[in-house]
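Step one of this worksheet: look at the structure below.
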2 protein chains.
Amino acid sequence: MERPRIRDYFQQDLSQNETITPKQRAILQASLDLFAEKGFDQTSTSDIAQRAGVAEGTVYRRYKTKVALRDAILAPITAHIVPILASDFSEDKLRQRYPSLQAFVTAIFTDRVAFAKANMKELKVIFEMAAFDTERREQILSQIAPKMVKQMGSVINQLKADHLIVDWPNDLILQSLLSQLFGYLARLMLELPGTEIEREQAYLITVMTKILTPGEHDQITGQ
Amino acid sequence: MERPRIRDYFQQDLSQNETITPKQRAILQASLDLFAEKGFDQTSTSDIAQRAGVAEGTVYRRYKTKVALRDAILAPITAHIVPILASDFSEDKLRQRYPSLQAFVTAIFTDRVAFAKANMKELKVIFEMAAFDTERREQILSQIAPKMVKQMGSVINQLKADHLIVDWPNDLILQSLLSQLFGYLARLMLELPGTEIEREQAYLITVMTKILTPGEHDQITGQ
DNA sequence: TCAAAGTGAGTGTATACTCACTCACTTAAT
DNA sequence: ATTAAGTGAGTGAGTATACACTCACTTTGA
């Protein structure tokens, strides 16, 4: 956990242009909490006002619509996702080869899991939106997916050249890793019973390493 | 794919007590389609009536509320989930040992993937509900999880005794398998670009088998 | 004193749900 | 065979309510 954490991104993003009042901050926090708890549609603007301890009109002072309010919450997150995805893959990192698979997997996922944990609620709201807003899903994906495939792709190719990683198509490799990652995050988000965070995070790296280790079972067989 | 498919469960379930009219069937179908397309809250009862080609009053003839309508759609699915989960683990199957990991993995997931594919829309509606309705989530989970853990647990223990499977706690094994399965299903449901069904299903079995194969990397290491 | 922040009663609209009514069809009586 | 009575699925205009959003006014703080 040596690398910088993401925090206070509201402050960070918003205070560049204008100051944010305590009440406006309370509104953002209440909205985020409620959207994550009950879902966007199930949250009324009067719910938000009540939770934030302000009048309903105050909610509309800065944000013209409820959707604009949601977007104000999600904007900083989506803006931060790309740098996070690209971290660890700056040019010098790329030039340095990873000595082992375990080092690679650990390096890659420590940041991303930390980021996800620090922004659980926002991610939950993003997922809700992505599930039924087809356009936005494609928009967000088109921003992120190519960058991710490209960045990870070059590292994977390096590892392939060194025979440190299984020789599967890169997209399949990514899919299996992301499945494990999202599965872990889903358990955290839904607070499924019996989720022991520390143990599972260690296990996550073990499983991913195992998937990627070259071996005899690597031929993709159908039935 | 030798074992029976799930189809026409509406007919099957409803016609025991009473006949279902063509219009009522159209209403169920339209609701299911719309709930899966746009989400429950984003679908109005007049949307449903329009899509089904009936008057709005007709929607309320059989189902007293919109929620009751959704439940009428989900009831047969949830009723069928448990048998599907338990299939392949009837007593004689349990007594017979699986000759190889691949056989085990293939046997387990063929049915379940087929079931999921045949009921994509219903699953999507269930997931939407589970995401924000904490009570229902726990209710459904409490019905399913223990059965699944028990059934799969005994088979895993057998495989462990034969040293055919990695020696990890059963819950961790299940989690990694379910992550892969749900990741695959999510890609299907969200129609993520570049999802080639056949190739990925074959790959799914390969990855799962690889995860479970005993080997040198099996110690769960943290950082 | 002024500008910005905050207020909350008020408004228009969307939507879940109701109900008095229609009408095609079945049953029963003559 | 004919007709009267009964049945219930279907209808759609109507209702009550909840909700997103507005605006004339008040409070705050520099």
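To find a chain, count down the sequence lines: A is the first, B the second, and so on, and within it residues start at 1. Just the heavy atoms: all of them, side chains too, but no hydrogens, waters or symmetry mates, feed the values below.
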Worksheet item: Sequence neighbours excluded, which residues qualify as ring pair (Phe, Tyr, Trp, His ring centres under 6.0 Å) partners of B/Tyr60?
Response: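 Ring pair (Phe, Tyr, Trp, His ring centres under 6.0 Å) check on B/Tyr60 returns nothing, list empty.
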Discussion item. Suppose we screen for ring pair (Phe, Tyr, Trp, His ring centres under 6.0 Å). Which residues come up paired with A/Phe182, at least two apart in sequence or across chains?
Written reply: A/Phe127
Nearest whole Å is fine: how far is [N] [atom2] from [X] [atom1]?
{"X": "B/Asp41", "N": "C/dA14", "atom1": "CG", "atom2": "C1'", "value": "14 Å"}
{"X": "B/Arg62", "N": "C/dC17", "atom1": "CZ", "atom2": "C1'", "value": "18 Å"}
{"X": "A/Arg25", "N": "C/dA5", "atom1": "CZ", "atom2": "C1'", "value": "17 Å"}
{"X": "B/Arg70", "N": "C/dA16", "atom1": "CZ", "atom2": "C1'", "value": "14 Å"}

Once side-chain contact (heavy atoms from CB on, under 4.5 Å) is applied, do any residues pair with [X], and if so which ones, sequence neighbours excluded?
{"X": "B/Ala130", "result": "B/Arg137"}
{"X": "A/Gln139", "result": "A/Arg136, A/Gln143"}
{"X": "B/Gln42", "result": "A/Asp41, B/Lys38"}
{"X": "A/Gln24", "result": "A/Ile20, A/Thr21, A/Ile27, A/Thr58, A/Arg61, A/Arg62, A/Tyr63"}

Worksheet entry | salt bridge (Lys or Arg N to Asp or Glu O under 4.0 Å) contacts in which one or both residues fall within residues 73-84 of chain B, not counting sequence neighbours |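 Residue pairs with at least one partner in residues 73-84 of chain B: there are none.
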Worksheet entry | Interface with DNA chain C, restricted to residues 43-58 of chain A and to heavy atoms under 4.0 Å |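 Here the set is A/Val54, A/Ala55, A/Gly57, A/Thr58.
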Worksheet item: Do B/Gln180 and A/Ser176 come close enough that some side-chain heavy atom pair is under 4.5 Å?
Response: yes
Item to complete: Under 4.0 Å from any heavy atom of chain A: name the first and the last nucleotide of DNA chain D that qualifies, 5' to 3'.
Response: D/dC19 to D/dT22
